[in-house]
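Everything below concerns the one structure shown next.
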Amino acid sequence: MSEEIVSRVSNYLTPQVPFKAIAQGAEAVVFTTNVHPYLPAKDSNNKTYVIKYRPPKRYRHPSIDRSLTKHRTLSESRLLAKLFLIPGLKVPQLIACDAYNGYIWIEFLGEDLPNDAGFSNLKNFLWMFAPSDPYDPIVKETLIKVGEQIGLLHWNDYCHGDLTSSNIVLVREGPESWQPYLIDFGLGSTSNMVEDKGVDLYVLERAIVSTHSLFADTYKEWLMHGFCQVYKNNGAEGEKKLKEVLNRFQEVRMRGRKRSMIG
Amino acid sequence: MPAKTEKQLTRKKNPKFSSMALISSLPQFPDTRISLRLFHNVSNASEIRSKVAQLPYAIIDARSICSLEQVYSAIYRALVESKYGKLKTKSLHSECLYSLSATSNIGEAYKNFGIKDDSQMLLVIQIVDKDQQDLQLQGDEVPLNDENLSQNCDMTFIRKIYKLNEFHSTSTIEISRAVVNCIQLRGL
């Protein structure tokens, strides 16, 4: 990552906040730190926090750049705040948001899986079980829960926009029990369009098929079981909307993600 | 431990360093000292209210505060805005009060969070690098911690001002988290 970004961030955070880069995307860089931005150290118990930073892009006009950064930082934060209010939906907690400078502080979720299986996102989790027992009951239970989370998101008219198996983080709730959390709402939006929901499901399906192709059919079935359950719990209206989403999902699958073929 | 007793004694002698106050600074603002004190059974609220504009403090009615997280989150926001020249009010202290608010109306922020004539519990925030003027407040200072805040706050009022009436959870931790979201995102 460019020296410039690192020096900019360390200048903003001051030497009191040590940080480590963990990921970089097209738009943002993600860091971790063990310093809480405002709670006294004794209350934060050596936890980890995520800092998501959108650096300025030099190819844009400075004033357009500022307003885009502010807009995107804010819309992601707002989405996290709204999703937090939905009962049952699990998203990371927003800690602080400095939209002018493009910084968001979020709670860090997940842990390292046993036997060097990597970080506890859904992708690594499924890979961890693949050699021994890909259809382990824990896998089934977890995938159903993932389906429920997506169902809740869609039922409440929100879309993720980049639903892949690495954007689903598993948080350990017991020795054999994991709660999935959806992360990275950088492309998320509120949307009541079936198209967006169909695309979300399609993107996740592609992610599962391409990384765990041998078991994908069963995995998809479990995911959809959890997803449909949320809609079915909402009576006749739920059934109706579920049908619309599933029909559109079929349609998207036939033609691909881009409907308009422009851009 | 004799060393500790001695420290406690000096603290008692010097009213400016009361042991119940929370004095800290935020990691990104190491040169700014933040002192927080909580008072119960305050009897002269209306007197203080009349001259609150001259006092170098942010004085908050503790009924509207449910956790330390809520207070610090607002202070953090005020400090960030001040550092990058985005202050909406005249001073850092008034900005703290304004930052607590869920709406961009400064008058409403003062009405909801500021001292009222009938206030009995007050949270006093001071952000300084210099010495302070004495606060003539008649009341009992109590340790400032999450228990003392959450047990005495007015949850119905907090839910109302942060528009959390629909929020499903009754746990103070969850409500406090939702409040932090409101504070961080207000008016942007």
Side-chain angles (χ1 to χ4, degrees), chain A residues 9-19 33-44 47 49 51 66-67 69-107 152 156 185, chain B residues 22-32 34-36 67-87 96 99 102 127 144-147 159 162-171 173-188:
Chain A
V9 174
S10 76
N11 198 15
Y12 175 85
L13 292 177
T14 74
Q16 278 72 237
V17 187
F19 61 92
T33 178
N34 48 21
V35 178
H36 193 284
Y38 47 82
L39 276 189
K42 65 170 161 56
D43 291 352
S44 49
K47 278 169 108 177
Y49 307 94
I51 304 170
R66 268 196 300 277
S67 84
T69 301
K70 182 183 164 195
H71 184 87
R72 290 179 182 166
T73 312
L74 251 183
S75 62
E76 183 177 355
S77 315
R78 278 211 189 105
L79 203 57
L80 279 178
K82 280 184 194 149
L83 296 177
F84 178 75
L85 300 177
I86 298 176
L89 191 62
K90 301 287 187 180
V91 291
Q93 156 82 6
L94 176 74
I95 296 170
C97 166
D98 178 356
Y100 301 108
N101 297 300
Y103 289 87
I104 309 180
W105 295 67
I106 321 168
E107 126 192 73
L152 271 174
N156 288 285
F185 286 88
Chain B
L22 272 187
I23 297 169
S24 59
S25 60
L26 302 186
Q28 280 172 266
F29 308 92
D31 301 328
T32 314
I34 301 161
S35 131
L36 301 177
S67 68
L68 281 174
E69 191 184 23
Q70 181 185 4
V71 182
Y72 276 117
S73 163
I75 297 175
Y76 177 76
R77 175 151 186 199
L79 286 173
V80 169
E81 308 239 309
S82 132
K83 183 169 176 182
Y84 297 97
K86 303 275 183 197
L87 282 190
C96 284
S99 288
I127 303 175
L144 177 56
N145 49 39
D146 277 327
E147 289 75 48
R159 274 177 184 267
Y162 287 104
K163 303 191 175 73
L164 293 173
N165 284 327
E166 312 278 294
F167 190 44
H168 57 94
S169 177
T170 49
S171 115
I173 295 171
E174 300 254 301
I175 293 177
S176 164
R177 289 179 143 206
V179 163
V180 167
N181 285 343
C182 296
I183 290 175
Q184 292 296 322
L185 295 171
R186 185 258 308 144
L188 285 169

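In what follows, every heavy atom counts, from backbone to side chain, and hydrogens, waters and symmetry copies are set aside. Naming convention: chains lettered A, B, ... in sequence-line order (proteins, then strands); numbering from 1 in each chain.
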- Note on the structure: Turns out that what part of B:Glu166 lies under 4.5 Å from chain A's heavy atoms comes down to neither

- Please confirm whether the backbone N or O of A:Cys97 pairs with a side-chain atom of B:Gln184, one donor and one acceptor, at under 3.5 Å? yes

- Message: Pair B:Asn181, A:Leu80 - check side chain to side chain contact (heavy atoms under 4.5 Å, CB included), show working.
- Response: CA-CA 9 Å; B:Asn181 285 343; A:Leu80 279 178; over 6 Å; no

- Message: I'd like to verify something: which residue of B:Glu69, B:Lys86, B:Glu174 has the highest number of heavy-atom pairs under 4.5 Å with chain A?
- Response: B:Lys86

- Item | Inter-chain contacts: residues 70-79 of chain B against chain A, heavy atoms under 4.5 Å | B:Tyr72, B:Ser73, B:Tyr76

- Measure the CD1-CD distance between B:Ile173 and A:Gln93 for me, rounded to the nearest 0.5 Å. 11.5 Å

- Message: Quick check: closest heavy atoms across B:Pro27 and A:Pro37, and the distance to 0.1 Å?
- Response: CD-O, 3.5 Å

- Side-chain heavy-atom pair B:Val180, A:Ile95 within 4.5 angstrom cut-off: no

- Query: So what's closer than 4.5 Å to chain A heavy atoms on B:Ile183: side chain, backbone, both or neither?
  - Reply: neither

- Does A:Tyr38 reach the side chain of B:Gln28, with side-chain heavy atoms less than 4.5 Å apart? no

- Task: Heavy-atom distances under 4.5 Å only: say whether A:Phe84 touches chain B with side chain, backbone, both or neither.
- Result: both

- Counting heavy-atom pairs under 4.5 Å with chain B, the top scorer among A:Leu13, A:Ile86, A:Asn101, A:Val17 is A:Asn101

- Query: Is there a side chain to side chain contact (heavy atoms under 4.5 Å, CB included) between B:Tyr84 and A:Asp98 once you walk through the steps?
  - Reply: CA-CA 10 Å; B:Tyr84 297 97; A:Asp98 178 356; 4.2 Å; yes

- Query: Side-chain contact, heavy-atom cut-off 4.5 Å: A:Gln16 with B:Phe29?
  - Reply: no

- Query: When rounded to the nearest 0.5 angstrom, what distance separates CG in A:Leu85 from SG in B:Cys182?
  - Reply: 7.5 Å

